[in-house]
Amino acid sequence: MPHDTPLISTIVGGLVLAFIFGAFAHRLRMPPLVGYLIAGVLVGPHTPGYVADQSLAPELAEIGVILLMFGVGLHFSLKDLLSVRGIAVPGAIAQIAFATLLGWGLGAFMGWPTGGSLVFGLALSVASTVVLLKALQERRLVETERGRIAVGWLIVEDLAMVLALVLIPAAASIGGEGHAPVEPLSAGLNRLFGLDLGIGGMIAMTLVKVALFVALMLVFGRKLIPWTMHRIAHTGSRELFRLGVLAIALGVAFGAAKLFGVSLALGAFFAGMVLAESELSHRAAQESLPLRDAFAVLFFVSVGMLFDPNILIDKPLPILATIFIIVIGKSVAALLIVLAFKKPLGTALTISASLGQIGEFSFILAALGVELGLLPEEGRDLILAGAIISIILNPLLFFLCDRMRPFFEGAKREDIVADPAAADAIAVPEETPPEDDEVHPTALNGHAILVGYGRVGSIVGQNLKSSATPFLVIEDSDKRIGELKVQGVETLMGNAVMRETLDLANLAGARSIAIAIPNAFEACRIAEQARSVNPSILIVARAHSDAEVDELKQYGADTVIMGEREIALGMVDRLAQVHHDSVPYEDGHGPDTIIPADDPPPQRE
């Protein structure tokens, strides 16, 4: 067996170091992405020690790009985009234009060609999908109005960058810059008929081929791909289904690149978007997630390998200018744009903080710009340095926005009160609507706290309501919060893991807390905080395994209900009624469980 295995050593070295530094970054409350980039720097040629294979790493990274874009396509929702299109589309376009202009100005100041400066500006204008979604999920903002606007803004940015990936190669030779590949169809027409279509013709031919590819995907692909996945699903083989998802993602991307000259990223994006219309899209996302995450890690590692740390010493001022554009320029532009659309200050601050970083598309654009000879390697190093530092600073940016929000809102209210003409407007609640997810402390005491109002929590809540038990619900979904307010149920918008949210629910004065969320890790943290604040409180939680039951009890839960066990008891009871004429067991519920009288049984988990 050969001992010289560069492929294995590159994969093993990249994943092991990425795991170590990713875990270290998570421990420091930073995105693991930072650790992956640092791992890449350590195995790169610019640092001493082990150096990964410089030819294999980019190819592994290309697979990561394909799977990343396939995942973006799977989560692309035209409905969500249309619901916030009034602000997301013009806002994202304006912000991209402003950031690109700032980046172009910095590139021109440093003496770069026009094409390279524009690529540099575009790379600084687009936020990281991974970092943005992670930040919103941690703060339970994805389903709020501000979360939907941020995600819609991100989708528009992603679509703009996908278009840029198509147009940049075709326009790479504008002004004699770069060494763009010759467009085959234009070259064929020139060779056969002597027609020189020029740059405009090359761009037109590229757009025609992209349009043809898009048309084929929307007409035939949206029928063929879901039909294929349904046929595979009916075989009952999970292994074949997982393999089919990966085959579609990689096959469509590779075929699009070879047959239509479309980028691998665009082909994978459309494959995911077409599959997203199928009812199997969630299952496809789950099955492809492990491999997608693994190759995404290798993508970030390969990006880190390109970074030369010496630029931090050689070019400190350009790095500071780059970080200023990413963290300050983009954030301030987004803040002003959102406020111009008369959205609440909290929404504007959240979106501005979300966009104050760069990531995947920036790396792809930087690599493309260097490959085409448009962007100097110094520009790529500045982009990488800006990405690493901005991702590290992003949690701090959110923290500052959270601290600034009460100050600005207080100043705004003082200005209104100081104006006598505005006094009447204050007295009319309809003219001063509160923040879309504003929270206030409860006045309840001796009450029950219900965390989560999904399929399990809703049944618990209906029982509490029917028994006239005073309670409130902590929920992070706008839709469910609205439904509960219509029913007259007191609610708190937020994440119960946060101590501030539990304080607003008067945890110290509560008699019980029911943790109905399925995430055992978060449930343990909630139980731990509840027990430390109120030692006498009754804590009831749910679990999906014996290990989760033991862990929740270790962190202070008094009673833990495992769904699978209750289902099994219900099935045993029903079988016993038929085979042994036993006394009916009350639907598998324990004797201390309140069972709704008129409510239908819950749907299967």
Side-chain angles (χ1 to χ4, degrees), residues 9-58 60-61 64 103 106-107 109-112 116 119-120 123-124 128 130-131 296-328 356-371 375-397:
S9 61
T10 299
I11 293 176
V12 171
L15 290 179
V16 169
L17 286 176
F19 167 72
I20 294 173
F21 286 96
F24 187 67
H26 181 73
R27 182 72 176 174
L28 296 177
R29 298 185 179 274
M30 292 187 296
L33 184 99
V34 176
Y36 307 156
L37 292 170
I38 294 175
V41 174
L42 293 179
V43 299
H46 304 290
T47 53
Y50 169 73
V51 177
D53 191 282
Q54 299 296 293
S55 59
L56 288 175
L60 294 172
L106 178 59
F109 178 78
M110 298 182 67
W112 298 345
V119 171
F120 181 71
L124 300 186
S128 166
V130 177
V131 176
V297 168
L298 291 177
F299 167 72
F300 291 117
V301 170
S302 68
V303 169
M305 290 172 60
L306 301 173
F307 177 63
D308 185 0
N310 292 322
I311 196 173
L312 297 173
I313 301 174
D314 299 337
K315 302 286 184 180
L317 293 181
I319 287 179
L320 289 176
T322 301
I323 296 172
F324 179 85
I325 294 173
I326 298 170
V327 178
I328 305 298
Q357 39 78 22
I358 59 175
E360 310 88 62
F361 266 116
S362 305
F363 305 150
I364 298 171
L365 286 169
L368 180 63
V370 173
E371 178 185 351
L375 184 67
E377 293 189 2
E378 178 187 1
R380 180 187 61 196
D381 290 338
L382 289 176
I383 291 171
L384 295 175
I388 294 173
I389 297 174
S390 66
I391 291 172
I392 293 174
L393 294 177
N394 196 243
L396 177 61
L397 194 60

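Only heavy atoms go into these numbers, but all of them, side chains included; no hydrogens, no water, no symmetry mates.
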**Student:** Which heavy atom in Ala25 sits nearest to a heavy atom in Gly35, and how many Å separate them?
**Tutor:**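 Taking every non-hydrogen atom into account, CB-N, 3.9 Å.
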**Student:** Is there a side-chain contact between Phe120 and Leu365, using heavy atoms and a 4.5 Å cut-off?
**Tutor:**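 Not in contact.
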**Student:** Side chains of Arg380 and Phe363: does their closest heavy-atom pair fall under 4.5 Å?
**Tutor:**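 Arg380 does not reach Phe363 side chain to side chain.
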**Student:** Look only at the side chain of Thr47 and the backbone of Leu42, and say whether a donor-acceptor pair between them is shorter than 3.5 Å.
**Tutor:**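 A pair under 3.5 Å: yes.
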**Student:** Using the side chain to side chain contact (heavy atoms under 4.5 Å, CB included) rule, take Val34 and Leu28 through it: C-alpha gap first, then chi angles, then the decisive distance, then the call.
**Tutor:** CA-CA 11 Å; Val34 176; Leu28 296 177; over 6 Å; no
**Student:** Could you pull out the closest heavy-atom pair between Pro45 and Met305, with the gap in Å?
**Tutor:**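 Nearest heavy atoms, Pro45 then Met305: CD-O, 3.3 Å.
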**Student:** Would you find a donor on one side and an acceptor on the other, under 3.5 Å apart, between the side chain of Ser362 and the backbone of Ile358?
**Tutor:**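 Checked: no pair found.
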**Student:** With Pro318 as reference, evaluate Leu382, Ile323, Ile311 under the side chain to side chain contact (heavy atoms under 4.5 Å, CB included) test and give the passing residue.
**Tutor:**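 That would be Leu382; it is the only one of Leu382, Ile323, Ile311 passing the side chain to side chain contact (heavy atoms under 4.5 Å, CB included) with Pro318.
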**Student:** Can you see which heavy atom on Gly356 is nearest to which on Leu397, and at what distance?
**Tutor:**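 Scanning both residues, the minimum pair turns out to be CA-CD2, 4.0 Å.
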**Student:** What's the shortest heavy-atom distance between Leu312 and Ala385, and which atoms?
**Tutor:**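 Where Leu312 meets Ala385 most closely, the heavy atoms are CD2-CB, 4.5 Å.
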**Student:** Would you say that Leu298 contacts Leu15 through its side chain, given a criterion of any heavy-atom pair below 4.5 Å between the two side chains?
**Tutor:**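 In short, these two side chains touch, coming nearer than 4.5 Å.
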**Student:** Please give me the minimum heavy-atom distance between Gly22 and Tyr36, naming the atom from each residue.
**Tutor:**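 Heavy atoms of Gly22 and Tyr36 come nearest at CA-CE2, 4.0 Å.
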**Student:** Given Val51 and Val43, is the side chain to side chain contact (heavy atoms under 4.5 Å, CB included) satisfied, shown in steps?
**Tutor:** CA-CA 5 Å; Val51 177; Val43 299; over 6 Å; no
**Student:** Between Ile326 and Leu393, is a side chain to side chain contact (heavy atoms under 4.5 Å, CB included) present by the stated rule, with each step listed?
**Tutor:** CA-CA 11 Å; Ile326 298 170; Leu393 294 177; over 6 Å; no
**Student:** Might you confirm whether atom OH of Tyr50 has over 12 heavy atoms from other residues, nucleotides or ligands at distances under 6.0 Å?
**Tutor:**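 Counting other residues, nucleotides and ligands, OH of Tyr50 exceeds 12 neighbours.
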**Student:** If you round to the nearest 0.5 Å, how far is CD1 of Ile325 from CG of Leu106?
**Tutor:**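 Taking CG in Leu106 and CD1 in Ile325, the distance rounds to 5.0 Å.
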**Student:** List the steps and the verdict of side chain to side chain contact (heavy atoms under 4.5 Å, CB included) for Asn310 and His46.
**Tutor:** CA-CA 8 Å; Asn310 292 322; His46 304 290; 5.6 Å; no
**Student:** Could you tell me the separation between the CG atom of Leu368 and the CG atom of Leu375, rounded to the nearest 0.5 Å?
**Tutor:**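 These two atoms lie 10.0 Å from each other.
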**Student:** For a quick test of reading the model, state the closest non-hydrogen atom pair linking Val370 to Pro376 and the distance between them.
**Tutor:**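 Shortest heavy-atom separation between Val370 and Pro376 comes out as CG2-O, 4.2 Å.
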